[in-house]
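These figures come from a predicted structure and were not determined experimentally. Numbers here simply count residues along the sequence, with the first being 1.
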Amino acid sequence: MAKTLRHRKAAPAVTDATKSDAKKNVGSPGLMIGLPCLVLIGLVLNYLRQTHTEDSQSEFVVLSEHAKNINPEGFEYLLHPLSVDKWKTQHWERAPLHIKRVDTKHYDALNSGVNTLDEMLMLQQRESIKPLLLHPETKLTQADCIIVKDGMNKREGFESIYHAYLNGGSLVCNLVPAYWPPLAKFMTSLSDATGYLFLANMYLSPRYSQGFSDHTDNKDGFIIQISGAKHWSIFNSTFIKPMRSQMLGRAHERNVNNFKGSVVLNTTITKGDLLFVPRGFIHHARAGTNQASLHYTISAAKNLEWCDCLSRFLPLFQGLDVSIQVKKFTQSVLTQAVGVECGNRGSGWIRGALPFFYKQKVATSQAEVMLAYKAIITKLKTDMSIKLAPQLDAQPAGRIAFEETFRELLENPNIKGLLDRAIQEDDVYFSYVESLLQNGRQVNKSAEISITSTTVVKLVPKVISVGKIDTSTGVFMNIILNPQSKLRVRFTKELESAVQWVLEQASASFEVQKIPGNDLFEKVCLVRELLRLSAVTIV
């Protein structure tokens, strides 16, 4: 789902190795006046042994009739007929949602369908090399288009993305709103409704194909189906609400099968549908057998999770005018306990995102953040008091420090200001995302000619007499254009029929949409590759 760019480092996951390091680094002499170092060791080690589990929610499916008098922007348009409030309370970070729509044209107003893909890809090639879109360290573009096939890793070795698509590869384009005006404008309207900044990636899969294998994402994703159909399988996971460093299924990440639970939802989404997949749910998808699938995945540019927020907040808290016992308990026990919970697979409650922050309702939003903060701190206190009960009961000094620390966390009048400072650390990042959307809104159309359904082409004379198809391998087919030029693509009956028809046109001109088959982008790719090999010309 949406790619994170120039992302500040999240709080590190607590693995077995880091737990071991934590054991080594606690309990230094003199860390707390009145609380012996052995008490600290006992408190932390006992906390490391504890676990916490949560129950995942079930799916929710609604059928939507035609949307009437709804402006094609904002969350009301995205979620119709579900209200934004109902989505926030029942689905955000909780449960999948599939909105089946009678109106297959619901998202046509976004002007981001298959017929505009070639133009979008040309803009991507032009805009992606702008300094604004380059990674500050690697200097590589962050608005890239890659090919994936039957796994999570990028596939290479193709002549172009068009060639890769003709060989069954799925096309994934990241940060599309940074260079495609229709989606840049739509992302801006979503931000106005929530206070969050949103970005989107594009996923195009040819028929019979699966791009990604089972995996999880660290952000909730809205999948809007623009064309074709895709079957989705969504599973519970025992690792709830993962942060960026805790995702599953990619080559460098943990084995997804070690965390996979029961099936939550098996469903096929078709043109006009919406599928909402909360972060942490294991999922994969496969295009149908009849035509290609095009969808966009929309997600927040960045979640500020409580783990991340507390990792910034607690050092600020230690700087307040509180007792030395509170400072030392916070540094030596509480900070470690928070780190352990953030790494615990079942502790989604502490990895949850902060409430939406509405710029138009600052006071209300701040009040919601404070309520959520107090709920997190209260739960943390309850869990710690249970897990550390034997040590706290045996050490009165530890009990005193524990109670005083949580009293300060819940009642100190300076807490609100510290939370604001912790949250505002992301302001620079959010300003950068806003500049990406501004760039996308201001992009001018490409001066180059894009290939659409009505583009007219014809074969060049040298191909008319020698063009033929070699399907002897049964898996691939070679399109022979001349003795020195051939195009190797995957063999399907549909593509074979399309190529054969093109070769039979001789000197006649024809529109791209006249090529047999129901995958318009496959036709565009075929024409693009024939243009690259100088086998056709645009009339």
Side-chain angles (χ1 to χ4, degrees), residues 1-10 110-112 116-148 153-156 158-162 164 170-192 195-204 217-219 221 244-245 247 250 252 296-304 308 312 359 423-450 528 532:
M1 295 184 179
K3 183 177 179 179
T4 301
L5 49 145
R6 299 192 185 184
H7 200 301
R8 82 176 292 278
K9 291 184 178 179
L110 296 181
N111 193 29
S112 299
T116 60
L117 270 186
D118 193 53
E119 180 186 358
M120 190 190 85
L121 292 172
M122 288 194 298
L123 288 176
Q124 182 271 335
Q125 292 178 12
R126 187 187 78 189
E127 297 291 314
S128 63
I129 59 175
K130 283 186 174 180
L132 178 68
L133 295 174
L134 302 183
H135 191 280
E137 296 176 0
T138 66
K139 303 305 179 184
L140 298 175
T141 183
Q142 301 181 96
D144 54 350
C145 286
I146 64 172
I147 295 296
V148 295
N153 297 321
K154 181 168 66 173
R155 296 290 294 272
E156 298 177 339
F158 299 107
E159 298 296 332
S160 67
I161 56 177
Y162 304 101
S170 292
L171 178 61
V172 180
C173 291
N174 295 304
L175 304 184
V176 175
Y179 56 83
W180 185 238
L183 281 187
K185 295 173 183 176
F186 187 52
M187 296 304 104
T188 302
S189 72
L190 296 181
S191 177
D192 292 340
Y196 271 36
L197 289 171
F198 287 84
L199 291 170
N201 294 345
M202 185 208 75
Y203 299 83
L204 177 67
D217 296 299
N218 68 318
K219 299 173 187 174
R244 182 171 174 78
S245 61
M247 295 187 293
R250 294 157 183 83
H252 60 285
Y296 290 90
T297 296
I298 300 168
S299 59
K302 184 181 188 300
N303 284 344
L304 179 57
D308 204 4
R312 308 173 188 179
K359 296 178 181 178
I423 294 171
Q424 289 168 4
E425 286 189 26
D426 281 323
D427 285 355
V428 173
Y429 173 78
F430 289 139
S431 295
Y432 173 64
V433 175
E434 287 176 337
S435 68
L436 291 179
L437 296 178
Q438 182 180 8
N439 183 79
R441 292 192 298 269
Q442 296 175 346
V443 166
N444 295 317
K445 294 190 67 170
S446 175
E448 300 178 48
I449 298 176
S450 62
R528 272 290 176 201
R532 180 177 64 83

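- For the pair P182 and N111, the tightest heavy-atom approach, listed with the atom from each and the gap, is CG-O, 4.0 Å.
- Annotation: side chain of W180 is in contact with side chain of T116 (closest heavy-atom distance under 4.5 Å).
- K219 places a side-chain N or O within 3.5 Å of a backbone atom of A301 that can act as its donor or acceptor partner.
- In this structure a side-chain-to-backbone donor-acceptor pair under 3.5 Å is present from N201 to L175.
- Atoms CG and CE, from N218 and M247 in turn, are 4.5 Å apart once rounded to the nearest 0.5 Å.
- Scanning both residues, T141 and S128, for their nearest heavy atoms gives OG1-O, 2.7 Å.
- Of the possible donor and acceptor atoms, none in the side chain of Y179 sits under 3.5 Å from a partner among the backbone N and O of N439.
- Using a distance-only test at 3.5 Å, with no hydrogens or angles considered, no donor-acceptor pair links the side chain of Y162 to the main chain of R532.
- Interatomic distance, S170 OG to I146 CD1, rounded to the nearest 0.5 Å: 10.5 Å.
- Residues K302 and D308 form a side-chain contact, since some pair of their non-hydrogen atoms from C-beta on lies under 4.5 Å apart.
- Side-chain atoms of S191 come within 3.5 Å of backbone N or O of Y196 as a donor-acceptor pair.
- A 4.5 Å side-chain heavy-atom check between L117 and M202 finds at least one atom pair inside the cut-off.
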Evaluation steps, side chain to side chain contact (heavy atoms under 4.5 Å, CB included), between L132 and Y432: CA-CA 9 Å; L132 178 68; Y432 173 64; 3.6 Å; yes
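- Ion pairing of R312 with D426 is present here, as a side-chain N (NZ or NE/NH1/NH2) and a carboxylate O approach within less than 4.0 Å.
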From CA spacing to verdict: side chain to side chain contact (heavy atoms under 4.5 Å, CB included), M187, L436: CA-CA 11 Å; M187 296 304 104; L436 291 179; over 6 Å; no
Donor-acceptor pairs are to be reported for all side-chain atoms of residues 440-450 against protein atoms at under 3.5 Å, with residues two or more places apart or in another chain.
residue, atom, partner, partner atom, Å
R441, NH1, T188, OG1, 2.8
S446, OG, E448, N, 3.1

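- The shortest non-hydrogen separation linking L133 to A143 is CD1-CB, 4.1 Å.
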Steps toward side chain to side chain contact (heavy atoms under 4.5 Å, CB included) verdict (L437, L199): CA-CA 8 Å; L437 296 178; L199 291 170; 3.9 Å; yes
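- Of all the heavy atoms in Q142 and L134, the pair that sits closest is NE2-O, 3.7 Å.
- Between the CG atom in L190 and the NZ atom in K185 there is a gap of 14.5 Å [rounded to 0.5 Å].
- If you take CD on E127 and CE on M122, they are separated by 12.5 Å, rounding to the nearest 0.5 Å.
- For the side-chain contact (heavy atoms from CB on, under 4.5 Å) criterion with C145, the lone passing option out of V172, N174, L121, V176 is L121.
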